[in-house]
Peer 1: 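Next up is a structure, given as structure tokens.
Model, not experiment: these values are computed from the prediction. Every chain is numbered from 1, with letters handed out A, B, ... down the list of sequences.
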Protein chains: 2
Amino acid sequence: MDPLDSSASKPNARLAAQSSPQGIAADLVAVLVSVTSGEPRVLTIQDQRALPSGPFELAHRSLQSGLRAWVERQTRLPLGYVEQLYTFADRDRAGSTGQHVISISYLGLTREQPAFGEHEARWRGWYDYFPWEDHRDGPPPLMEKALQPGLKAWASAASDRAAQRARRQRAAMLFGFEEHGWNEELVLQRYELLYEAKLIPEATRGNSTASTSTRAALSNAPGHPMILDHRRILATGIARLRAKIKYHPVVFELMPDTFTLLQLQRCVEALAGRQVHKPNFRRLIEQQELVEETGETSQDTGGRPAKLFRFRRAVLAERAIAGTKLPVSGA
Amino acid sequence: MDPLDSSASKPNARLAAQSSPQGIAADLVAVLVSVTSGEPRVLTIQDQRALPSGPFELAHRSLQSGLRAWVERQTRLPLGYVEQLYTFADRDRAGSTGQHVISISYLGLTREQPAFGEHEARWRGWYDYFPWEDHRDGPPPLMEKALQPGLKAWASAASDRAAQRARRQRAAMLFGFEEHGWNEELVLQRYELLYEAKLIPEATRGNSTASTSTRAALSNAPGHPMILDHRRILATGIARLRAKIKYHPVVFELMPDTFTLLQLQRCVEALAGRQVHKPNFRRLIEQQELVEETGETSQDTGGRPAKLFRFRRAVLAERAIAGTKLPVSGA
DNA sequence: ATAACATATGCTCAACGAGAGTATATGACA
DNA sequence: TGTCATATACTCTCGTTGAGCATATGTTAT
């Protein structure tokens, strides 16, 4: 455990207003998600190696409203849903400057992008960063080819037998190896295990400090990297969203005004990274009265035309918090 | 929606390290919980009107480890479990100084206090702050006597008929009035509704700015007040903990080394604020192998002596994340 | 000593919801 | 006209959950 300097441990610490200002900078980092043609995407900048972020200015009534206004002005996208993710302040985040930076990260959902335009902002599929998280067609080949042997080696490298077993068990549990089922919510824990096992570049320390040997071993590490700890923030956002869609009707913030039930299902599957049982999905959607028919139909791919539905916004008032279930089979 | 100043909306906002330092101060606020003799308690300072807090110093490896070390040094209590709650930065938090303060709040669990000693730190039952949240003996009298009429009046005061219905529905849903069952997790939403209805003093704005008329009406408002938004932070912590105990074995962080199953049940009931069906509780505890017998027994109050149990710490490794259920009947 | 009582511990049952499989309807397309 | 792909509907089984009841084993009062 890190020792604290003396000022932090003096008895009877004072309150907010009396604390000495010390030049801490605060940043907002946004994980903006949309789902286009069945692929979950995230807004990136800097050659797709960073999440959009900006300094926290003082004009905002609150962090949340500030982020919402900032994003909507930047991207011209209406933000349907915004939620705070986590606040980071690792000492290493600041890089070489030594300046201490607090990063407050947010998750935001938006419709299929109309025209984000300008700047270097680009949407990119989030499975480009986490290829092992897409289990819609079963476990991806990457799992057996790269991750499983790598994790086995990591487990065997532990000091004693007990530690080896613990490592093996942890890896099996997180990646669903033996008997253990795949739990799509453990995105962050999997990510952290992978860099603990040095199968992907570490995130909290600056990338530039990696030794040459490590860099060589990681040259073909799975998944696209990001600067600083942005990839970890993205993992946090994915995990939160995958948990959220199960009991809160946020999926609809990602859908167009009207949609077919299959489109809705594909969207959920894209987010969850796993397939969903179609009859059960429809049953839950309809018996909870989450949607209403528009009366029109859509003929997409050939086959019987599907009814078009619209989200019943009334449910947000009826059970604003009470809860709503989506059938993504748990562990 | 709040407008933003120009610097925040310039295209292509830069990243953390390049943002201009602007004298923002960061504070850590802790919600420290323990359960003593069947009552959930929270550590307070300043005549029990504030949560312990202190400035965020730069020596910490991370926010979490910083908070943990700080609390353990201040209170000499070992922290079993620490979790980040939320980060606030409302403009009004700073009070009259105009200084912008970010508050990062944490939830921490500790054993029954051995000796916290010194300073003005004191444990206080959390239902002193939220008397309407204790439903262990059914809905508290306060509900019918004060809250229900107050909320009815608030609903009737809405502009048009639709708004009145919406308000009534929201109140009924949150407080479990007609047909709606009591959902113990909605602590924060209930708190926010109560001050929206002006049944308790507002929290985000400084208390000192309340008008005399408002202050008179609130003079016997239910529940003990706190400074700034500390009561809201406490509500956030209670809500988080009530949700967490259902699927993660954190209750044991609040228990002594050995305990009877009834003691464990009383602890869960104290946190959840509602009773639990005894046979079902035992069934779930034992079939999940969360505990093991010590071999000894305890005779507390007269009656058949109860077996003493101990938490099987091994489960933390076995299903570190996978989950564990406690039977607190949902909505 | 014995009855009354309080708590611990164990068993059973009914209702519900989740997971999974199967069958039918309706359109497009060759 | 037949084949195909998708939409839509129905059924069944199993595990979980909520709730009630029965029994065991002590203490305390008479």
Side-chain angles (χ1 to χ4, degrees), chain A residues 38 135 138 181-185 245-247 258-269 272 274-309 322-331, chain B residues 38 135 138 181-184 245-247 258-269 272 274-310 322-331:
Chain A
H135 284 231
W182 173 259
N183 185 340
E184 76 281 353
E185 290 189 27
I245 54 173
K246 290 182 186 172
Y247 58 91
T258 66
F259 48 84
T260 71
L261 289 186
L262 186 58
Q263 284 170 347
L264 182 64
Q265 180 183 341
R266 293 284 180 253
C267 180
V268 169
E269 289 175 336
R274 53 160 51 191
Q275 286 198 335
V276 161
H277 191 73
K278 193 196 291 200
N280 293 345
F281 181 79
R282 305 173 89 93
R283 174 175 57 187
L284 242 69
I285 295 293
E286 298 196 318
Q287 87 183 11
Q288 291 183 116
E289 303 181 304
L290 292 175
V291 297
E292 61 190 4
E293 300 186 14
T294 68
E296 301 175 22
T297 60
S298 145
Q299 56 271 40
D300 285 343
T301 63
R304 173 175 171 178
K307 288 182 193 164
L308 281 175
F309 290 87
T324 290
K325 281 175 233 165
L326 281 191
V328 179
S329 56
Chain B
H135 283 231
W182 173 260
N183 185 341
E184 76 282 353
I245 55 173
K246 290 182 186 172
Y247 59 91
T258 65
F259 47 85
T260 71
L261 289 186
L262 185 59
Q263 285 170 347
L264 182 64
Q265 181 182 341
R266 293 286 179 250
C267 181
V268 169
E269 289 175 335
R274 53 160 51 191
Q275 286 199 335
V276 161
H277 190 74
K278 194 197 288 200
N280 294 345
F281 181 79
R282 304 172 90 95
R283 174 174 59 186
L284 239 70
I285 296 293
E286 297 196 315
Q287 86 185 8
Q288 289 182 118
E289 301 181 307
L290 291 176
V291 296
E292 62 191 2
E293 300 185 15
T294 68
E296 303 173 21
T297 59
S298 144
Q299 56 272 39
D300 285 342
T301 63
R304 174 174 171 179
K307 288 182 192 165
L308 281 174
F309 291 86
R310 167 188 11 237
T324 290
K325 280 175 241 169
L326 281 191
V328 180
S329 57

Peer 1: Map Arg283(A) and Lys278(B) onto DNA chain C by nearest heavy atom, then report which one ends up closer to the 5' terminus.
Peer 2: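 Comparing both residues, the 5'-ward one is Lys278(B).
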
Peer 1: Please state how far atom CZ in Phe281(A) lies from atom C1' in dG17(C), giving the value in whole angstrom units.
Peer 2: 17 Å

Peer 1: Compare the minimum distances between each of dA9(D), dA8(C), dT6(D) and the side chain of Glu286(A), then state the nucleotide with the smallest one.
Peer 2: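 The answer is dA9(D), which lies nearest to the side chain.
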
Peer 1: Under 4.0 Å, heavy atoms only, any strand: does Leu262(B) hit a base, just the sugar-phosphate, or nothing?
Peer 2: sugar-phosphate

Peer 1: Using only atom types and a distance under 3.5 Å, with no angle test, would you say the side chain of Gln265(B) pairs donor to acceptor with the backbone of Val276(B)?
Peer 2: yes

Peer 1: Output the rounded distance in Å from CG (Asn280(A)) to C1' (dC12(D)).
Peer 2: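 One finds 12 Å between C1' of dC12(D) and CG of Asn280(A), rounded.
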
Peer 1: DNA chain D: Gln287(B) or Lys307(A), which has the more 5' nearest nucleotide?
Peer 2: Lys307(A)

Peer 1: What is the distance from CD of Gln265(A) to P of dT6(D), rounded to the nearest Å?
Peer 2: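 So the CD-P distance, Gln265(A) to dT6(D), works out to 12 Å.
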
Peer 1: Establish whether the base of dA24(D) is bridged to the side chain of Arg304(B) by a donor-acceptor pair shorter than 3.5 Å.
Peer 2: yes

Peer 1: Do other residues, nucleotides or ligands put more than 12 heavy atoms under 6.0 Å from Glu292(A) CD?
Peer 2: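 Buried by this count: over 12 neighbours within 6.0 Å.
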
Peer 1: Check whether any side-chain heavy atom of His135(B) lies under 4.5 Å from a side-chain heavy atom of Glu184(B), and answer yes or no.
Peer 2: no

Peer 1: In whole Å, I'd like the distance from the CG atom of Leu261(A) to the P atom of dA9(D).
Peer 2: 9 Å

Peer 1: Using whole Å, report how far CD of Gln288(A) lies from P of dG17(C).
Peer 2: 10 Å

Peer 1: Calculate the interatomic distance between Arg282(A) atom CZ and dC10(D) atom P; express it in whole Å.
Peer 2: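 That distance rounds to 13 Å.
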
Peer 1: Leu284(B) has an atom CG; how far is it from atom P of dG10(C), in whole Å?
Peer 2: 15 Å

Peer 1: Rounding to an integer number of Å, can you tell me how far His277(B) NE2 sits from dC11(C) C1'?
Peer 2: 11 Å

Peer 1: Can you name the nearest heavy-atom pair linking Phe309(B) to Thr294(B), along with the distance?
Peer 2: C-CG2, 3.8 Å

